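Each ligand, and each atom within it, is numbered from 1 in the order the structure gives. The structure displayed is predicted, hence computed values, not measured ones.
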Amino acid sequence: MLPLHPLDRSGSATASRLAAIALLLLAAGAPIPAQTDAAKPAAAASASAQITIDASKIVNPVSPMLYGMMTEEINHAFDGGLYAELLQNRTFRPSWMGVEHWDLIRNGNSVAEMTPDKTTGPSAALPHSVKLAVTAASAGSEAGIANSGYWGIPLRARTTYKGSFYVKTDDAGVGPMTARLVADKTGATLAEAHVDLKPGAWSRYEYTLTTGAIAASSTNHLELTVEHPGTVWLQLASLMPPTYHGTPNGNRPDLMERMAGLHPTFLRLPGGNYLEGDTLQDWYNWKTTIGPLVDRPGHQAPWTYWSTDGLGLLEFLEWCEDLKIEPVLAVYAGYALKGDHIAPGKDLEPFVQSALDEVEYVTGDASTRWGAERVKDGHPAPFPLHYIEIGNEDFFDKSGSYDARFAQFALALRKKYPQYKLIATAPVKEAAGAEPDVQDDHYYKPPAEMMDFVHHYDNAPRTGPKIFVGEWASMSGVPTPNFGSALGDAAWMTSMERNSDLIVMASYAPLLVNINPGGMQWSPDLIGYDALNSYVSPSYYAQALFAGHLGDGTPQTSVTGAGERFFYSATVDSKTHTLHLKLVNASTADQALTIDVKGGTGRTASVISLHASTYEATNSMTDPGRIVPKMSSETIGAEGWKHTVPALSIQVVDVPLK
Ligand code: AHR
């Protein structure tokens with residue numbers, strides 16, 4: 001999707017705002033550098049506005065789970081993204097182009113062929129393989145196969161990579177197999193290991209490769225070769241770098257740290273459209289995503305590519321555990337993206353049972369059928385769970401079947417698990433006992449529309465289901481949001497904070513994008529990366545700041561005289577006695593304010609600012625620090641706090657109240 005224009009703006013051009021030069025590494029937990037030079041905005045200022053805050057009068061609670069994350073397999077979020085596996089097409093799936101991402105190696109005078117073989121594989125889930133038939137090979141004339149990874153294989157100095165593969169061979173003399181990491185540009189061997197092969201049935205082999213003092217790069221590939229004639233069949237070839245917390249079959253550390261920096265409280269999983277699949281055959285059948293990798297067939301995902309399911313249900317849950325957040329578990333509810341649905345009633349029963357089993361896998365103890373399965377898979381402790389979502393975007397189902405499908409799931413889930421809150425993905429005509437606790441609303445809008453939408457929930461009824469804004473984003477910027485989007489997002493977040501008595505959870509989408517050519521199916525996306533590095537967008541910083549400075553109640557406030565594109569929210573943390581104020585000026589004119597904080601006189605407010613000179617300004621892989629938060633402080637005087645929010649700025653202000 002392309003960025004949406006034109007953006008709405010007003011006022012004259014803004015002179016660039018001076019600020020202390022500092023890079024914020026929010027995700028890494030580094031301190032935010034101080035702003036040493038008071039900014040002197042040059043643009044015409046709007047008339048001064050007055051904000052009055054009585055922090056002692058709390059009018060509404062703020063949901064403790066307001067900010068979370070949403071995920072699905074899109075933009076190579078998992079395969080070629082968060083999931084640390086380095087080999088692409090590790091299960092040798094053939095296509096009309098051959099066995100993609102694998103090349104045949106025929107060094108020197110070797111003679112060899114590589115062909116897909118549908119007749120043999122190591123498991124029922126992987127019943128096929130690739131056959132490497134070598135008729136001539138010797139030292140210096142090796143034959144084998146090479147994998148180019150997900151847009152290269154990223155390698156770093158003095159790092160150990162764990163490799164494995166399944167092999168079957170009838171030839172005692174064909175081995176050993178050599179695993180070699182090779183620099184694409186020079187052919188230099190960067191690490192090497194030898195694996196003895198034993199003739200007979202399919203066996204799994206492991207090896208390690210350790211690099212020396214190399215420069216980090218992703219222009220590398222893996223070679224698996226032999227020096228003797230013979231035939232070997234290969235399947236499930238894997239290469240894992242160090243993972244977050246060292247978890248086996250785990251995640252890429254930099255992306256986990258980026259996510260931790262968002263201060264999330266939950267992860268909505270596994271989708272999104274990824275839950276549904278394009279057709280009724282492609283639904284997210286979680287039972288095929290657990291257990292040993294060799295027992296996971298993978299499945300066709302809706303965003304054009306195959307999912308290995310290496311990051312399966314248990315890995316989703318461990319991801320939550322690693323970030324100390326809880327899953328918001330979406331269960332498949334019988335609707336496919338292309339419009340088909342499963343009729344409520346008998347046909348839907350197996351899917352309802354699957355959902356019940358899934359909840360049991362997540363939360364059950366060892367005495368339950370599926371809890372025991374999770375224990376067997378290596379995770380004895382049940383996972384915390386409070387919310388279950390039934391389907392995804394079922395408002396697209398024009399057949400009208402969602403009312404009955406929701407009711408069938410809700411009644412069964414409530415009967416067995418009355419303690420969990422149920423989320424509907426469209427308004428439902430309520431059946432007795434099947435009322436949704438929460439409704440999931442999604443908003444993707446250009447920044448200007450997002451800003452115009454901020455009063456949507458102000459007068460919404462408080463008597464029906466609570467609201468989960470399960471997907472939302474201001475849509476401008478490719479591949480990641482530009483500053484106009486950050487302003488739209490920040491404006492929207494002020495409205496969610498103001499209405500957090502109703503909006504219990506919210507999650508931006510999509511979260512991740514592999515920025516390589518062909519890696520992206522949707523833009524903008526919050527966090528960008530290639531094989532080696534990652535960067536974060538201005539929207540990421542806005543969200544990290546909003547979530548990291550959130551109170552538990554909204555105080556009584558009022559504003560008069562503010563410009564059209566000025567937005568604010570205030571929350572109070574009753575434990576730390578801090579007022580968290582969010583000020584968003586999406587106009588090109590400065591906004592002068594007098595802020596009357598009752599009880600705030602003499603206190604020093606810390607101000608974190610995010611600013612750019614245009615809506616189009618953005619961060620990128622080559623310019624990751626263009627827009628970063630900067631810190632300053634101001635003292636609140638007896639006459640109220642005279643404060644200017646510069647044009648095109650997002651500010652998060654903390655005022656100690658004691
Ligand atoms: O976030 C991208 C997609 O947008 C999600 O998969 C879907 O739920 C929505 O339509």
Under a 3.5 Å threshold, yes or no: a donor from one side chain and an acceptor from the other, between Thr425 and Glu389? no

Nearest protein heavy atom to atom 10 (O) of ligand 1, by residue and atom, and its distance? Glu393 OE1, 2.7 Å

Could you check if a side-chain atom of Arg268 sits within less than 4.5 angstrom of a side-chain atom of Met505, using non-hydrogen atoms only? no

Can Asp282 and Lys338 be said to form a salt bridge (Lys or Arg N to Asp or Glu O under 4.0 Å), step by step? CA-CA 11 Å; Asp282 301 326; Lys338 287 190 173 162; over 6 Å; no

Show which atoms of ligand 1 fall inside a sub-4.0 Å distance from at least one heavy-atom site of Asn392. 8 (O)

Taking the inter-plane angle between the rings of Trp472 and Trp492 on a 0 to 90° scale, is it parallel (under 30°), tilted (30 to 60°) or perpendicular (over 60°)? tilted

Checking heavy atoms under 4.0 Å, the part of Phe396 that sits near ligand 1 is neither

May I ask whether Tyr444 places a heavy atom under 4.0 Å from ligand 1? yes

No-hydrogen, no-angle side-chain donor-acceptor test under 3.5 Å, Thr571 and Glu497: no

Any non-hydrogen atom of Gly271 lying under 4.0 Å from ligand 1? no

How far is atom 8 (O) of ligand 1 from the closest protein heavy atom, and which atom is that? Glu471 OE2, 2.6 Å

Step-by-step side-chain contact (heavy atoms from CB on, under 4.5 Å) determination, Ile74 to Tyr274: CA-CA 8 Å; Ile74 184 173; Tyr274 187 57; over 6 Å; no

Taking non-hydrogen atoms only, is Glu72 closer than 4.0 angstrom to ligand 1 via side chain, backbone, both or neither? side chain

